[in-house]
Peer 1: 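This is the structure I have questions about; it appears just below.
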Amino acid sequence: MIHRIGNTDIQPRHRLSCHCGAVVLELELPDGVVDPHRCDCSLCRRKGAITSGVPLNALHVIAGEEVLRCYQFNTLTAKHYFCGNCGIYTHHQRRSNPNEYGYNVGCLEGVNPYDLGEVETTDGVNHPADR
């Protein structure tokens with residue numbers, strides 16, 4: 001559980017936004033950022049984001065629902081959301097746990113994900129759903 005990244009305190013209700021500001025989400029983060037990591041699946045390797053997760057009911061779209069776009073591939077279980085204006089990935093409904101959203105830690109307001117240092121990489125190449 002991480003309650004501070006760089007100079008930014010992670011609030012119990014913390015905002016997240018895309019680059020252009022059209023998409024704004026509010027996350028319920030009572031425990032801070034939990035288990036930040038990268039994934040090495042074919043999509044995540046390309047986007048390079050550090051993610052963490054929240055239950056579905058802990059992510060609220062405040063603005064920009066109309067500009068959010070969804071991308072799905074392979075098993076079509078995960079739903080990857082990004083801003084249709086600036087293209088920034090904001091969050092996804094997870095394949096490993098469809099009851100959770102993963103979110104882009106780099107989109108948290110005031111957070112530079114490089115302040116986290118090294119983070120674990122999960123094995124998305126050998127995902128159990130692909131067997």
Peer 1: Which residues end up grouped with M1 if you chain together Ile, Leu, Val, Met, Phe, Trp and Tyr wherever their side-chain heavy atoms are less than 4.5 Å apart?
Peer 2: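 Besides M1, the cluster holds V34.
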
Peer 1: Measure the CD-SG distance between Q93 and C70 for me, rounded to the nearest 0.5 Å.
Peer 2: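 Going from CD on Q93 over to SG on C70, the span is 8.5 Å.
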
Peer 1: Between Y89 and C107, what is the shortest heavy-atom contact and its length?
Peer 2: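 Heavy-atom minimum between the residues: O-SG, 3.6 Å.
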
Peer 1: Filter on ring pair (Phe, Tyr, Trp, His ring centres under 6.0 Å), then keep only pairs touching residues 101-124, sequence neighbours left out; what's left?
Peer 2: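 Those involving residues 101-124 are H91-Y101.
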
Peer 1: Who pairs with Q11 by side-chain contact (heavy atoms from CB on, under 4.5 Å), at least two apart in sequence or on another chain?
Peer 2: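 Per chain and number, Q11 pairs via side-chain contact (heavy atoms from CB on, under 4.5 Å) with D9, H14.
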
Peer 1: Could you tell me which residues satisfy side-chain contact (heavy atoms from CB on, under 4.5 Å) with C86, sequence neighbours excluded, listed by chain and number?
Peer 2: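 Checked C86 against side-chain contact (heavy atoms from CB on, under 4.5 Å); matches are C18, H19, C20, C83, I88.
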
Peer 1: Scan for salt bridge (Lys or Arg N to Asp or Glu O under 4.0 Å) pairs involving residues 23-41, sequence neighbours excluded, and state none if there are none.
Peer 2: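 For residues 23-41: R13-E26, R13-E28, R15-E26.
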
Peer 1: Determine the minimum heavy-atom distance between A22 and V67, stating which atoms define it.
Peer 2: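 For A22 and V67, the tightest heavy-atom pair comes out as CB-CG2, 3.9 Å.
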
Peer 1: Taking side-chain hydrogen bond (donor to acceptor under 3.5 Å, both in side chains) as the definition, give me every residue that meets it alongside T77, ordered by chain and number, with sequence neighbours left out.
Peer 2: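 Listed in chain order: T75.
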
Peer 1: List in chain and number order the residues that pass side-chain contact (heavy atoms from CB on, under 4.5 Å) with R94, two or more places apart in sequence or in another chain; answer none if no residue qualifies.
Peer 2: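 Only H37, T51, H92, S96, E100 meet the side-chain contact (heavy atoms from CB on, under 4.5 Å) criterion with R94.
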
Peer 1: Taking all heavy atoms of P36 and all of I2, pick out the closest pair and write down the distance.
Peer 2: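 Nearest heavy atoms, P36 then I2: CG-CD1, 3.7 Å.
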
Peer 1: With rounding to the nearest 0.5 angstrom, report the CG to CG distance, N74 to L43.
Peer 2: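 Answer rounded to 0.5 Å: 11.0 Å.
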
Peer 1: How long is the straight-line distance from CD of E65 back to CG of L25, given to the nearest 0.5 Å?
Peer 2: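 Taking CG in L25 and CD in E65, the distance rounds to 10.0 Å.
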
Peer 1: Test your reading of the model: is there a side-chain donor-acceptor pair from Q72 to the backbone of K79, 3.5 Å cut-off?
Peer 2: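 No: the side chain of Q72 does not pair with the backbone of K79.
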
Peer 1: V24: which other cluster members, linking ILVMFWY side chains closer than 4.5 Å, directly or transitively?
Peer 2: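 So far as hydrophobic clustering goes, V24 is joined with I62.
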
Peer 1: Could you list the residues that satisfy side-chain contact (heavy atoms from CB on, under 4.5 Å) with F82, not counting sequence neighbours?
Peer 2: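 side-chain contact (heavy atoms from CB on, under 4.5 Å) list for F82, sorted by chain: R69, Y71.
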
